[in-house]
Novice: 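Pasting a structure below so you can have a look.
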Amino acid sequence: MAHHFSNQEVAGKLREVAAAMEVRGDDGFRIRAYENAAVAVDNLSSEAFDLWEAKKLDEIPGVGANLAQHLDDLFRTGSVKHFTKVKKPLPAGMFALLDISGVGPKIAYTLSKQFGLTKSETAAVKLKKALESGKVADLEGFGEQSQERLLTAVTGFLKKKGPERLLLPVAEKVAEGILSYLSSCPEVIKASALGSLRRRVPTVGDVDIGVATNQAGAVVDFMKQYPAANRLVAAGEGLVRLELTNKLTVDVKLVNPTEWGSLLQHFTGSKNHNIVLRELALKQGKSLSEHGIKHEARSTKQEVRKYDNEEDFYKALGLTWIPPEMRENAGEIEVSEQRKLPQLVELKDIKGDLHTHTDYYWISSHDAGTDDISTLLETAKKLGYDYLALGDHNPSISSYNENKIISLIKERKEYIDKIISTRENKVKYSSIKVLNSLEVDIRPDGTLAIPEEALKYLDFAVVSIHSSFAMKKEEQTKRVLKSLFYAKVKILGHPTGRLINQREELDIDFNAVMAECLKRNIALEINAIPQRLDLPETLVRQAVKLGVKLAINTDAHSADQLEQMRYGVDVARRGWAKKQDIVNAWPWEEFQHWLTG
DNA sequence: GCCGTTTTCGGCCCGACTGTTTTCAGTCG
Ligand SMILES: Nc1nc2c(ncn2[C@H]2C[C@H](O)[C@@H](COP(=O)(O)OP(=O)(O)OP(=O)(O)O)O2)c(=O)[nH]1
Ligand SMILES: [Mg+2]
Ligand SMILES: [Mg+2]
Ligand SMILES: [Zn+2]
């Protein structure tokens, strides 16, 4: 009988063993191997359990024969003898303390042992009591200050709900506030948002800001006065770390302008990109840091050569500059070395939006848009688009019968034709081709929520799932495949159905779906709504590899939301998509050929 | 423990800050 564990549970177990090994004083590299494996399992795009069933555990980078064997024990029997043995001598409560900031294995162990924290459920609360009683300050290696610091950290930990990461646009707003504040500091020469923000990761854990200055001390003092700061976490000559009133952490790293290039590289990350880059440098006899490159890392001469721009920094390693969105240690260093970096799609390549909602007046199956056709066209024109598809939700099938739906869709076509052919609009929007589309629900049985007869009134259809999210993989996959069979279907909308921080992805076999898309010349949508960003980047990457086409759409429910295209392009770039992979980056003629072909 | 354009041994990123401690360990990014 197999025992199921989620990726997060498996990663948690690996981290606990790593922490236990740290306390035991085991080899640091072996510990790192456990931590690496934990991160790898955490970030897996499929379930480790499924990989185990398919006997493919050791295909996870960072999981080798040994760990695969341990995880095999875990999934078969529900526990791992070796893990249990390593953790047994240690107080069980210590593992519950590891997520408290500033508490690592050593401190967790010392305090758990000292105060008898044997249960994970009560460990943090008991520790707080001990800290409040003042007993911690008397322990060897601790003092009044560390006691105070720990109390703040434990209190924050106990208040915290979950490890929520911010959506990219929310973090962008925070960063803009800080950058605007920094721009009024005369000693700041350059300032940029780096870290996950610059890599355009869909969710952001903290806000990282790089600063170039010749007077770091003055900038540090200036940052300490930031109005939205709640607490100063750390400060030195190269760093200020603040906790904001909304509990978000801000890291500001400072270097001289001569070191700007190396800071950009380092502080953009990702961590794994940095580590692999540094390992590559070591093989070349160089050593990298945010301050520059030691070109003779092994000699006694330790001169650090400085780089004021990133291009030169990468060039010094024999690489061409790598777009931040690609810096995830997913093969980008190799392709840069081989001069085979893809020319990633850019926002300015986008020539139209293929999924937008208007305020059209029927009772629709889901939320309608709030702006009319002309308002959308106005914005589309401002964005320089060559084409725009109006894709309202289908009429509600519980409100209308089939014949009524057919006549409604016919009526809508006539209405759109009329609007765009008025003399005024013909002149105003002459540069934009308007497409008559619908976002049609895929019903649980895979049929469409409009009669087939109505499809002839559309230029094309986007089909999407908006119900029955919990179906089993086989059934859900069949459902999607069936929907792709209908005439006029050209785009599968928000294919995984995920809502970041809220709803998991649908259980779908995307190998099968992509094969079908390829066969039928159907595009997968990259929905640009920041909470969706769906397709997720790993599936984008897979689609690009297979040659499956993609459409980046805003799914705008108001004219201003047409401007969220950027977030979809970010995902496309993180999935290594080129202009040729994105149907709405094609000129009208080419796009139209695809649409009707 | 993992891993392989100097493959199955011998490497494994590098620095900032804190706090308690006379020279550094622990934690974090
Ligand atoms: N070389 C190296 N660089 C690191 C390490 N940890 C972090 N960095 C660099 C790369 C990161 O992108 C950058 C900022 O660190 P963060 O912890 O804020 O990570 P990041 O912003 O990538 O993700 P986040 O959304 O904050 O979780 O600092 C490390 O262990 N080694
Ligand atoms: Mg960050
Ligand atoms: Mg950070
Ligand atoms: Zn939808």
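As the structure is a computational prediction, the values presented were derived from the model and not from experiment. A note on names: the letters A, B, ... follow the listed sequences, proteins ahead of strands, and every chain is numbered from 1.
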Novice: Which nucleotide in the set B:dT18, B:dG1, B:dA16 lies at the smallest distance from any side-chain heavy atom of A:Arg30?
Specialist: B:dG1

Novice: Centre-to-centre under 6.0 Å for A:Phe5 and A:Phe49, is that the case here?
Specialist: no

Novice: Has A:Ser146 got a side-chain N or O lying under 4.0 Å from the OP1 or OP2 atom of B:dT20?
Specialist: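 Checking A:Ser146 against B:dT20: at least one side-chain N or O falls below 4.0 Å of OP1 or OP2.
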
Novice: If the cut-off is 4.0 Å, is A:Lys271 near the phosphate of B:dG29, judged by side-chain N/O to OP1 or OP2?
Specialist: no

Novice: Taking the side chain of A:Asn66 as heavy atoms from C-beta outward, which of B:dC14, B:dA16, B:dC2 is closest to it?
Specialist: B:dC2

Novice: Check whether any side-chain nitrogen or oxygen of A:His291 sits under 4.0 Å from OP1 or OP2 of B:dA16, and answer yes or no.
Specialist: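 Yes, A:His291 has a side-chain N/O under 4.0 Å of OP1/OP2 on B:dA16.
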
Novice: Is a salt bridge present between A:Lys253 and A:Glu290, judged by a nitrogen-to-oxygen distance below 4.0 Å?
Specialist: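 Counted as a salt bridge, because a side-chain N and a carboxylate O are separated by less than 4.0 Å.
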
Novice: For the backbone of A:Ala108 and the side chain of A:Ser112, can you confirm whether one donor and one acceptor N or O come within less than 3.5 Å of each other?
Specialist: yes

Novice: Can you tell me which nucleotide in B:dG1, B:dT18, B:dA16 comes closest to the side chain of A:His82?
Specialist: B:dG1

Novice: Within the structure, does a side-chain N or O atom of A:Ser287 lie under 4.0 Å from either OP1 or OP2 of B:dC14?
Specialist: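 Checking B:dC14 against A:Ser287, a side-chain N or O does come within under 4.0 Å of OP1 or OP2.
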
Novice: Please confirm whether A:Lys126 makes a cation-pi placement over A:Phe115, using NZ or CZ under 6.0 Å from the six-membered ring centre and within 45° of the ring normal.
Specialist: no

Novice: Does the side chain of A:Gln145 get closer than 4.0 angstrom to OP1 or OP2 of B:dT18 through an N or O atom?
Specialist: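 For B:dT18, OP1/OP2 do not have a side-chain N/O of A:Gln145 under 4.0 Å.
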
Novice: Base, sugar-phosphate or nothing for A:Gln69? Non-hydrogen atoms, less than 4.0 Å.
Specialist: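 Here A:Gln69 touches no strand at all.
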
Novice: A:Ile107 or A:Asp27: which one's nearest nucleotide on DNA chain B is closer to the 5' end?
Specialist: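 Nearer the 5' end of the strand: A:Asp27.
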
Novice: Using whole Å, report how far CZ of A:Arg278 lies from C1' of B:dC12.
Specialist: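 Atom CZ in A:Arg278 sits about 14 Å away from atom C1' in B:dC12.
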
Novice: Can you tell me which nucleotide in B:dG29, B:dG1, B:dC17 comes closest to the side chain of A:Ala234?
Specialist: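 For A:Ala234, the side-chain atoms sit closest to B:dC17.
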
Novice: Choose from B:dG26, B:dG15, B:dC2 the nucleotide whose nearest atom is closest to any side-chain atom of A:Leu67.
Specialist: B:dC2

Novice: Between B:dT23 and B:dC28, how many Å separate the two P atoms, rounded to a whole number?
Specialist: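 The same atom, P, in both gives a distance of 26 Å.
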
Novice: Find the distance A:Gln265:CD to B:dG15:C1' and express it as a whole number of Å.
Specialist: 14 Å

Novice: Quote, to the nearest angstrom, the P distance that separates B:dC14 from B:dT8.
Specialist: 24 Å

Novice: Kindly compute the distance separating NE2 (A:His273) from CZ (A:Arg199), expressed to the nearest 0.5 Å.
Specialist: 9.5 Å

Novice: In whole angstrom, give the distance that lies between atom CG of A:Leu239 and atom C1' of B:dC28.
Specialist: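 Answer to the nearest Å: 10 Å.
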
Novice: Can you tell me which nucleotide in B:dG1, B:dG29, B:dT27 comes closest to the side chain of A:Lys106?
Specialist: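 Output: B:dT27.
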
Novice: For A:Arg241 and B:dG29, is the shortest distance between a side-chain N/O and OP1 or OP2 below 4.0 Å?
Specialist: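 Result: no.
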
Novice: Under the ring pair (Phe, Tyr, Trp, His ring centres under 6.0 Å) rule, collect the residues that match up with A:Tyr109, sequence neighbours excluded.
Specialist: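 Ring pair (Phe, Tyr, Trp, His ring centres under 6.0 Å) check on A:Tyr109 returns nothing, list empty.
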
Novice: Using a cut-off of 4.0 Å on non-hydrogen atoms, how would the nucleic acid contact of A:Glu140 be classed: base, sugar-phosphate, or nothing?
Specialist: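 A:Glu140: no heavy atom of the nucleic acid under 4.0 Å.
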
Novice: Quick one: is A:Lys294 getting a side-chain N or O under 4.0 Å of the B:dG15 phosphate, OP1 or OP2?
Specialist: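 It does, given that an N or O in the side chain of A:Lys294 lies less than 4.0 Å from OP1 or OP2 of B:dG15.
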
